[in-house]
Number of protein chains: 2
Amino acid sequence: MTDLTSTGAATAPIKRGRGEKSSATIYDIAKLAGVNPSTVSRALSKPGRVSAKTQKIIEDAAAELNYQVNPFARALPTGRTQTIGLIVADITNPTFFDIIRGAETTGSARDYTLVLAESAESPETEVTAARRLLSTVDGLILASPRMDDDQIRDLAADKPVAVINREITGVPCVVPDVNKGISEAVRSLAANGHQKLAYVAGPAQSWMTGRRWEGVKAAAEWSKLSAVRLESSKPTVDGGRQVARDVLESGATAVITYNDLLAIGLMQELQAGGMSVPDQISIVGFDDIFGADFTTPALTTVRSPLGECGTRAVTILLDMLQGHEAPLEAVRVETELVVRGSSGRLLV
Amino acid sequence: MTDLTSTGAATAPIKRGRGEKSSATIYDIAKLAGVNPSTVSRALSKPGRVSAKTQKIIEDAAAELNYQVNPFARALPTGRTQTIGLIVADITNPTFFDIIRGAETTGSARDYTLVLAESAESPETEVTAARRLLSTVDGLILASPRMDDDQIRDLAADKPVAVINREITGVPCVVPDVNKGISEAVRSLAANGHQKLAYVAGPAQSWMTGRRWEGVKAAAEWSKLSAVRLESSKPTVDGGRQVARDVLESGATAVITYNDLLAIGLMQELQAGGMSVPDQISIVGFDDIFGADFTTPALTTVRSPLGECGTRAVTILLDMLQGHEAPLEAVRVETELVVRGSSGRLLV
DNA sequence: CGCGTTTTGTCAACCGGTTGCCAAATATTG
DNA sequence: CAATATTTGGCAACCGGTTGACAAAACGCG
């Protein structure tokens, strides 16, 4: 850090890192076009504020110098950065891939750049990252946040914030409505002769794991199935493997897991132990992540349209930035059951 | 864009988005500490420039006001942004996950923020994104770039650039050295009785597909196997399915594919057609992506340490930013064969 | 053609830091 | 204790845009 400034360039005309053509400024344009810099600024960002004639002259000059605004110079007085932040718990968790992509795509379509940060599943890192990011972006998206409701409201008091996969009053949220997908799943399991159902839960800090369990419980009751909740150590393939033993002991013939990774790990472990899926036990995951159809049998899962969640969150944010009000109600997106090979008729 | 500025806020005290406590500045600190703003600036960013005593006074004042630098104000005069850009062809392509994570982790460890952009596999979008990003970051990483060598050199002339998965003279590169992994793979196939080998190539713009083919060809020659090259339509699961027919026609009993997705698609299609893997045909992928072990049999693959590539690229970049020279030679990282179930003895 | 209105462009201040240069304060030395 | 060397802090300019206030120019109208 220190060296950075003291190394060379002491005598040289310090400018831009190492580039030579230290890009044109509005002053250069002004000189070339024979007008005042402020006129250039207006021509370039306040449509209609200058006459069509000068507008053209300025635009031509800008093109000739191939001018690009300096985002920092613009951000300094205005606070606008044309940037939105996205915080996810774990970059390598495929659940987030679609969210990231949805957000990135929608953002760039409206000339916003996405800045990504990871919280490594830790509430503390998450808050730190959020604070750091918040000062440099126009708005923030929290995907499956682990921090407190109040901390989120704090952030939201500073700048527009949208939350994905969790519902918090007073903050705009986009949440998959699990009920449709879950009831489809439970009904389908009931129709296939299952009577005892297990739900493998995710991390305690996850708001979603609770919603999903409630959905499963309710749907099971409705379909006259018994349902038990089992805890997993972590929401990964490995966690799924570890919970296999509990699943067997529970006597359930159908399992719904908090997410697909758990389902995959569970299925691998059960198969390794000689169980046949779905003949002896049916497995249903959650999210339809990348790779859910790589398994044999392919995984039946409740799909959340995560790409859409990303898109919606960005849209809400950008709307808020334009002065629109945040939606009072959480935006709900539909979930659906994707039937593949891992669930089916119970062969006694 | 337009509306954004003209909508509201005309009468309101425009300040910071909507926050109230529009964060403290060095001027506030200076007032509180009874010193000059420039002294504050020095205390906070030039270790050793001010006396320990004033240093402490200033730090206390900063803490009390819980001051955070305004990154834009800092970036404006210095050009430093504490930010590095990463451009990938496709965010949802799992090949990049590890690169992204490696880069993110290494970056944040050194207080750099990662900005991510996607080129959607298009050389044009890629150049645009790169240019846009370049002006706002301290350095840029291109992962598997699709643009011309010269365009990359152009970028590199402006700011530090590092390239992953491609070798370009004059630009620092991090490339997996495929030879070790490939020869392990080919030797293992030869040892298992295979004589005819097929390589399923990736997209023509991909520099890597050529390297891998050359590696396969050379290793095959050395092991006295025959090798043919087949083209795929796209480097995805679907592309793998489509190439299955050509693979069968080629008469090869062992296949190495450009990447894991192709391998998985190919395996699924062959199995669906009644072939047994690996008894009748062995399949080896490339990259060991997330999910490569979800398949049955799990995929044998040549693993590139992509996380390490990300880490190395960031390290090179940050070193360059500290004034170090860019490494003249491409940095090579080792690849290795990960033997799983999809390759093995040929049962005739 | 003169007057009021609207449009268009200029001036200057500001956003919040950084840094070269200089003078004051302090430390070192003979 | 004076003279010199070294720290330390202050001043002011600058980075590159934005924007409110105002004046000049262009326009409309009786």
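- The distance from atom CG of A:Asp28 to atom P of D:dC15 is 11 Å, rounded to the nearest whole Å.
- Side-chain nitrogen and oxygen atoms of A:Ser41 include at least one within less than 4.0 Å of the OP1 or OP2 phosphate oxygen of D:dT18.
- Distance B:Leu76 CG to C:dC14 P: 17 Å, rounded to the nearest Å.
- For A:Thr78 and C:dC15, a side-chain-to-base donor-acceptor distance below 3.5 Å is absent, hydrogens and geometry of angles not being considered.
- In terms of position along DNA chain C, the nucleotide closest to B:Gln68 lies nearer the 5' end than the nucleotide closest to the other residue of the pair B:Gln68 and B:Arg49.
- Each of B:Ala73 and B:Pro37 lies near DNA chain D, and the nucleotide nearest B:Pro37 is the one positioned closer to the 5' end.
- At the heavy-atom level, A:Tyr27 lies under 4.0 Å from base atoms of the strands shown.
- Residues passing the ring-ring contact (aromatic ring centres under 6.0 Å, His included) test with B:Phe72, sequence neighbours excluded: none.
- A:Asp138 places a side-chain N or O within donor-acceptor distance of the main-chain N or O of A:Thr81, the cut-off being under 3.5 Å.
- Taking only side-chain atoms of A:Pro77, from C-beta outward, the nucleotide of D:dT19, D:dG17, C:dG16 with the closest atom is D:dG17.
- Here D:dG9 presents its P atom at 15 Å from CD1 of B:Ile29, a figure rounded to the nearest Å.
- OP1 or OP2 of D:dT19 sits under 4.0 Å from a side-chain N or O of A:Lys46.
- Judged by distance alone, with hydrogens and angles left aside, B:Thr25 brings no side-chain donor or acceptor close enough to the base of C:dC15 to form a pair under 3.5 Å.
- In the set D:dT18, D:dT8, C:dT18, the nucleotide with an atom closest to the side chain of B:Ser51 is D:dT8.
- A:Leu44 has its CG atom 13 Å from the C1' atom of D:dG16, to the nearest Å.
- Atom NZ of A:Lys53 is separated from atom C1' of C:dG9 by 12 Å (rounded to the nearest Å).
- Listed candidates were D:dT18, D:dG20, D:dG10. Nearest to the side chain of A:Arg42 is D:dG20.
- Rounded to an integer number of Å, the gap from NZ of A:Lys31 to C1' of C:dG9 is 19 Å.
- Contact annotation: B:Asn70 does not reach the phosphate of C:dC15 (side-chain N/O to OP1 or OP2, under 4.0 Å).
- For C:dT19, the OP1/OP2 oxygens have a side-chain nitrogen or oxygen of B:Arg80 closer than 4.0 Å.
- In this structure, A:Val35 reaches the sugar-phosphate backbone alone: every heavy-atom distance under 4.0 Å involves primed, P, OP1 or OP2 atoms, never a base.
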Stepwise side-chain contact (heavy atoms from CB on, under 4.5 Å) check, A:Tyr67 with A:Ile26: CA-CA 8 Å; A:Tyr67 168 79; A:Ile26 55 168; 3.4 Å; yes

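- Contacts of A:Thr39 with the nucleic acid, taken as non-hydrogen atoms under 4.0 Å apart, include base atoms.
- Rounding to whole angstrom units, OH of residue A:Tyr67 and C1' of D:dG16 are separated by 8 Å.
- To the nearest 0.5 Å, atoms CD1 (B:Ile164) and CG (B:Leu142) are separated by 9.0 Å.
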Test side-chain hydrogen bond (donor to acceptor under 3.5 Å, both in side chains) applied to A:Ser38 and A:Ser41, step by step: CA-CA 5 Å; A:Ser38 55; A:Ser41 172; over 6 Å; no

